[in-house]
Amino acid sequence: INAEYGNLNVPVGAMTRRKLANTETLVEIRQSVRGKDVYLVFSCTKDFNNSILDLLMVVEAMKNASVGTVTIVLPSFPYARYDCVSRVDRCPIARLVADMLQSVDCDRVLTMDLHTPQVQGYFDLPVDNITAEPAFRDWIKELHLQEAVLVTPNPEGTKRVANFSESLGMQFAIVHVAEDEETGGSNDGRHPAASLVGNVKERDCIIYDDIADRCYTIVKTAEYLKQQGAKRIFCMATHGLFSTESLQMCEASPIDQFVVTETIDQHENMELYPKLQTVDVSHLFAEAIRRVHNNEPLLTLFKL
């Protein structure tokens, strides 16, 4: 947060949020926000449910303090993967999160790399979905990986990887990993465990995804690329959730380096997984905030 606001030459507002003995949360705004345009930068922890409730309480406290406008800056949007009803007994939780944010009358939402852009359609207010691609572009150039092959670990990410690779003049490939083990189903052996579209033999590969959570598909993709003759294997993802035993899986995989942004704090994960590194996206959020505040377009910010 300090880095984001430092680029804007704006001090961080004074607010306290503390847990009471009975586990309830108390929020206090410690300075006047009357008539002000407030940009509430709220990084959700792995405890998404409590994070969302804390966020709602902060916005409500600001509304009670007669704030002018509130823009919620959510670097990682909670439940973004659950945007549709895959089964009749499940609800689209992303829509529920959108409804909750609108229930406290926030004025705008700024987030990064939504899993599916259609989540924006759940809102009746402006939602700006910026991308981490400029930060990843700089990382690729820093490591001189322009000759590598960008790889999507699932067909759903083809458009994202194709557009990014085209902007960098790089080749891309598609790997489809059978998800039987991940979903608990049994593989009857009639279908291959993975398939590849593209050429990766004797090439460095960069697996590119928006979310790294259980990492089953990412690790299986890395193993399959190695079987197909790939040299070094890198992985980059915007949001590093790293649940369950994902870090142990990545450590035992052929991945040479794993890079994520800091939309979710990674200090603990980096101690557990030495190959994990982060790229800074605070300057992207700072510039996006500045442009939103000055009614300037965001599109030109992300032209590669």
message: Starting from Ile29, can I reach Leu26 by hopping between I/L/V/M/F/W/Y residues whose side chains sit under 4.5 Å apart?
response: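 They do not share one cluster, since no chain of ILVMFWY contacts under 4.5 Å joins Leu26 to Ile29.
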Listed partners of [X] passing side-chain contact (heavy atoms from CB on, under 4.5 Å), at least two apart:
X      : result
Glu245 : Gln248
Asp105 : Lys63
Lys141 : Arg137, Gln146

Can we say [X] and [Y] salt-bridge, meaning some charged N sits less than 4.0 Å from an Asp/Glu carboxylate O?
X      : Y      : value
Arg81  : Asp213 : yes
Arg95  : Asp83  : no
Arg232 : Asp256 : no
Arg290 : Glu296 : yes

message: Using side-chain hydrogen bond (donor to acceptor under 3.5 Å, both in side chains), reason through Thr69 and Asp107 one step at a time and then give a plain yes or no.
response: CA-CA 6 Å; Thr69 63; Asp107 298 278; 4.8 Å; no
Roughly how far, to the nearest 0.5 Å, is the [atom2] atom of [Y] from the [atom1] atom of [X]?
X      : Y      : atom1 : atom2 : value
His239 : Thr263 : NE2   : OG1   : 5.0 Å
Thr25  : Arg17  : OG1   : CZ    : 7.5 Å
Leu150 : Leu168 : CG    : CG    : 7.0 Å
Thr278 : Asp280 : OG1   : CG    : 7.5 Å
Ser76  : Phe48  : OG    : CZ    : 4.5 Å
Gln277 : Leu143 : CD    : CG    : 7.5 Å

Hey, does [Y] have a side-chain heavy atom less than 4.5 Å from the side chain of [X]?
X      : Y      : result
Phe123 : Leu101 : yes
Thr111 : Ile130 : no
Asp128 : Val109 : no
Glu202 : Lys231 : yes
Val149 : Asp204 : no
Ile206 : Met170 : yes
Tyr39  : Leu8   : no
Leu284 : Val281 : yes

If you count heavy atoms of other groups shown closer than 6.0 angstrom to [atom1] of [X], is the number above 12?
X      : atom1 : answer
Glu166 : CD    : no
Lys36  : NZ    : no
Gln171 : CD    : no
Glu268 : CD    : no

Non-hydrogen atoms of [X] and [Y] that approach each other most closely:
X      : Y      : answer
Ala132 : Met112 : CB-SD, 3.7 Å
Pro78  : Leu74  : CD-CD1, 4.1 Å
Ile72  : Val59  : CD1-CG2, 3.9 Å
Ile233 : Pro254 : CB-O, 4.1 Å
Ala222 : Ile255 : CB-CG1, 3.7 Å
Ser243 : Arg214 : OG-CG, 3.8 Å

task: Carefully, step by step, assess Lys275 and Glu251 under the rule side-chain contact (heavy atoms from CB on, under 4.5 Å).
output: CA-CA 8 Å; Lys275 295 179 183 178; Glu251 180 66 47; 4.2 Å; yes
- request: In sequence, state the C-alpha distance, the side-chain angles, and the governing distance for Cys106 and Leu125, and then conclude on side-chain contact (heavy atoms from CB on, under 4.5 Å).
  value: CA-CA 8 Å; Cys106 68; Leu125 52 83; 3.8 Å; yes
Exam field: side chain [X] to backbone [Y], donor-acceptor pair closer than 3.5 Å:
X      : Y      : result
Asn129 : Thr131 : no
Arg291 : Pro297 : yes
Thr261 : Thr238 : yes

message: For Ile174, run the side chain to side chain contact (heavy atoms under 4.5 Å, CB included) check against Thr152, Val151, Leu196 and tell me which one passes.
response: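 Of the listed options, the one satisfying the test is Thr152.
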When the ring centroid of [X] is compared with that of [Y], is the distance short of 6.0 Å?
X      : Y      : result
Phe136 : Tyr208 : yes
Phe242 : Phe258 : yes
Phe77  : His115 : no

field: Residue pair Leu145, Glu147: steps toward the side-chain contact (heavy atoms from CB on, under 4.5 Å) verdict
entry: CA-CA 5 Å; Leu145 293 173; Glu147 299 302 318; over 6 Å; no
message: Less than 3.5 Å apart, any donor N or O on the side chain of Gln266 or Asn269 sitting next to an acceptor on the other?
response: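 There is such a pair between these side chains.
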field: Stepwise side-chain contact (heavy atoms from CB on, under 4.5 Å) check, Thr71 with Asp37
entry: CA-CA 8 Å; Thr71 296; Asp37 295 321; over 6 Å; no
